[in-house]
**Student:** 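I have a structure I would like to understand better, so I am pasting it below and will then ask my questions one at a time.
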Amino acid sequence: MKIRKSALLVIGIIIVSLLFSCSDDGGSTGPDEPEPEWQPKTITVPENMEQSQNPMVQMVVAHINTANTMMNTYSSFFQPPEKAEIISQGSYSKDGPPWSYTWSEGDLTITLNITESEDADYDYEWTVVLDGSDGEYTYDNWTYIYAKTTNDNSSGHVTVYKQVTDEVGAIVTWNTDESGVFTMTIEDFHGTQTKIELTSNPDGSGEVDYYEQIEGSYVIQFRAEWEADGSGQWWTYDENGNVENTGIWPYDLVFVQGGTFDMGDHYDEGGSDELPVHSVSLDNFFIGEREVTHQQVIDVFNWAYSQGYIDCSSSTVTNNQGDTQVLLDLDDEDCAIDWNGSSLEFGGSSYASTADCPCIEITWYGAVAYCNYRSLQEGLQTCYDLSDWSCDWDANGYRLPTEAEWEYAARGGINWSDDYRYSGCHNEADLPDYAWYAANAGGETHPVGTKLPNQLDIYDMSGNVYEWCWDWYDSNYYSGSPSNNPTGPSNGSDRVRRGGSWGSPSASQCRVADRLYRPPNNGNRYIGFRILRINLN
């Protein structure tokens, strides 16, 4: 299933017809009255749908966002009186309609006709005629738009006709019901016929269906449903409408397209363990948009306790299956999580004031166990064998990023050639906008996602807390690292931590190339983690 440029073009032109809003008394005024102020109208994509990293959901979002981008491009044409000359047509009156407006941008001439609708369900009918091209905008012969809309724009439909043949090109209908549910349908009749049905509920939940016409009939090709928190499920279908694939996507992952990048210290300003700079190729993956918070750890570990996977006391949390290790050191005064005798709860500490701060005092074993327990909670395959703490790289559950995956995501993925020194920026003067470190953190962690993200919309990869990676640490590893999907040395005494923290005394420790390490059984107030998955199936 592919997005056709013609489909996007048609949708974009359709949206032009939605650029207008009328006042409650009928809108415009006569020639001697002030000009009406036209307000652009856009289709708002639900935030949780926009943030979803499911590729099929992204495809539909791309449809809508392209339409809105085109609308914003054209909106400058619809700003009387700078771009428009009001001309009289028919029975023009100050009480109107009808009204007619004509204006030009370069060689492009646009005419808008507004008349009262003969349809009892609609207040106004709009006809927009696009004539010519200035060379920058081409319309592929889609030159005539007809629209009906209610006065408040809560419902309506638009039809696009093809020049000369008057063949129907596309139809869009929309409606907002009394409860605030927005529904949109787009039918594209240019080439292969497609249809999108989008419903967005006031609470943020919704659904979207994408159809293609196959052998004369509409056949659903993709369907997605999502909850208010952005989590959801999706299905793809074959040409007979049978389910081909299904999957879930969580609300907190970002898709990172695989690629090849130069790993290491690009500016010869770090330690020798950051050299040599070497080429690494990685497959696609999904990584946590934010660092894992205290509340997320509390929720998952309480579930694990209810299932008998962990033991808790006032001093510690340990796994009771496999090789027993300390997951959380509750007895440490810096730990912000407490055991109340029946469950874990947020208690706060000098370094974490809210449960939305990144979880600290969690060991490497604790971060790995969290990945397994969350995978089990969501019905996914676990990546780790807790008897020897080995990793199944083909499992579809959660795991820690490898050091290479972490650095690639921190550098912006396929945007790594921007060659930023820090995650999201290059100059130290800009770092306070992207990272919490000693210069601005005030001696404590901060809620995740409160600084600017990097190019992939991933937060806090520089600063706030260091992040555990999967790899054992070896200062000479870069000299012999595999070029494809490296997973680090086979053994060692310390695990890698990356990214700098709220306590980093210098910006240098927030560099994307900087490497540090710590024993896996040793958590502290500077270290947290984020999660990764290789696929959503």
Side-chain angles (χ1 to χ4, degrees), residues 1-3 7-8 10-12 14-15 17-18 21 40-72 149-150 152-158 170-188 193-212 218-237 241 243-255 286 288-290 378-379 449 457 533 535-537:
M1 183 169 51
K2 298 178 179 178
I3 302 176
L8 294 177
V10 170
I11 296 170
I14 290 171
I15 301 301
S17 65
L18 304 180
S21 304
K41 181 177 177 63
T42 63
I43 297 172
T44 301
V45 181
E47 181 179 359
N48 42 48
M49 184 179 178
E50 181 78 57
Q51 294 176 348
S52 169
Q53 297 305 307
N54 180 278
M56 295 305 222
V57 175
Q58 289 181 324
M59 178 199 69
V60 177
V61 171
H63 260 307
I64 299 169
N65 286 342
T66 299
N68 284 335
T69 297
M70 295 181 73
M71 186 213 69
N72 290 329
T149 180
T150 53
D152 61 1
N153 275 317
S154 65
S155 63
H157 71 254
V158 181
I171 298 174
V172 60
T173 59
W174 69 97
N175 179 66
T176 303
D177 65 21
E178 294 180 357
S179 64
V181 175
F182 172 74
T183 304
M184 177 186 69
T185 301
I186 299 174
E187 298 180 63
D188 167 28
Q193 297 185 23
T194 58
K195 180 168 70 171
I196 298 172
E197 294 179 351
L198 165 67
T199 298
S200 176
N201 300 316
D203 67 355
S205 61
E207 59 188 44
V208 64
D209 294 326
Y210 182 94
Y211 299 85
E212 286 191 358
Y218 278 123
V219 176
I220 188 170
Q221 296 289 283
F222 165 71
R223 176 177 176 79
E225 297 176 352
W226 61 93
E227 305 299 329
D229 66 1
S231 60
Q233 191 164 5
W234 57 270
W235 300 263
T236 60
Y237 299 80
V243 174
E244 265 191 324
N245 202 0
T246 185
I248 64 172
W249 71 89
Y251 63 93
D252 55 353
L253 296 185
V254 170
F255 175 68
F286 297 80
E289 179 184 56
R290 293 168 167 84
E378 296 182 10
D457 289 332
R533 283 177 64 184
N535 64 67
L536 297 181
N537 296 330

**Student:** Any donor-acceptor pair under 3.5 Å linking the side chain of Asp203 with the backbone of Ser205?
**Tutor:**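 Yes; judged by distance alone, with no hydrogens or angles, the pair exists.
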
**Student:** Taking side chain as C-beta onward, heavy atoms only, is Asp252 less than 4.5 Å from Arg290?
**Tutor:**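 SC-SC contact between Asp252 and Arg290 ruled out.
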
**Student:** If you take all heavy atoms of Pro202 and Val181, which pair is closest and at what distance?
**Tutor:**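 Scanning both residues completely, I find the closest heavy atoms to be CD-CG2, 3.8 Å.
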
**Student:** Kindly give the heavy-atom pair with the smallest separation between Leu198 and Trp226, and that separation in Å.
**Tutor:** CD1-CH2, 3.9 Å

**Student:** Of the non-hydrogen atoms in Tyr210 and Ile196, which two are nearest, and what is the gap between them?
**Tutor:**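 Nearest pair, atom of Tyr210 first, then Ile196: CD1-CG1, 3.6 Å.
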
**Student:** Would you name the heavy atoms of Arg533 and Leu253 that are closest together and state the gap between them?
**Tutor:**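 The pair with the smallest heavy-atom distance is CD-CD1, 4.0 Å.
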
**Student:** Please round to the nearest 0.5 Å and tell me the distance separating atom OH of Tyr237 and atom OH of Tyr211.
**Tutor:** 8.5 Å

**Student:** For the residue pair Phe222 and Trp234, categorise the inter-ring angle as parallel (less than 30°), tilted (30 to 60°) or perpendicular (more than 60°).
**Tutor:**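 Answer is tilted, since the angle falls between 30° and 60°.
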
**Student:** Any side-chain heavy atom of Glu207 sitting closer than 4.5 Å to one from Glu225?
**Tutor:**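 Side-chain contact under 4.5 Å: yes.
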
**Student:** For Asp457 and Glu289, work out which heavy atoms get closest and say how close.
**Tutor:** O-CG, 3.5 Å

**Student:** Might you point out which heavy atoms bring Trp235 and Val243 nearest each other, and give the distance in Å?
**Tutor:** CD1-CG1, 4.3 Å

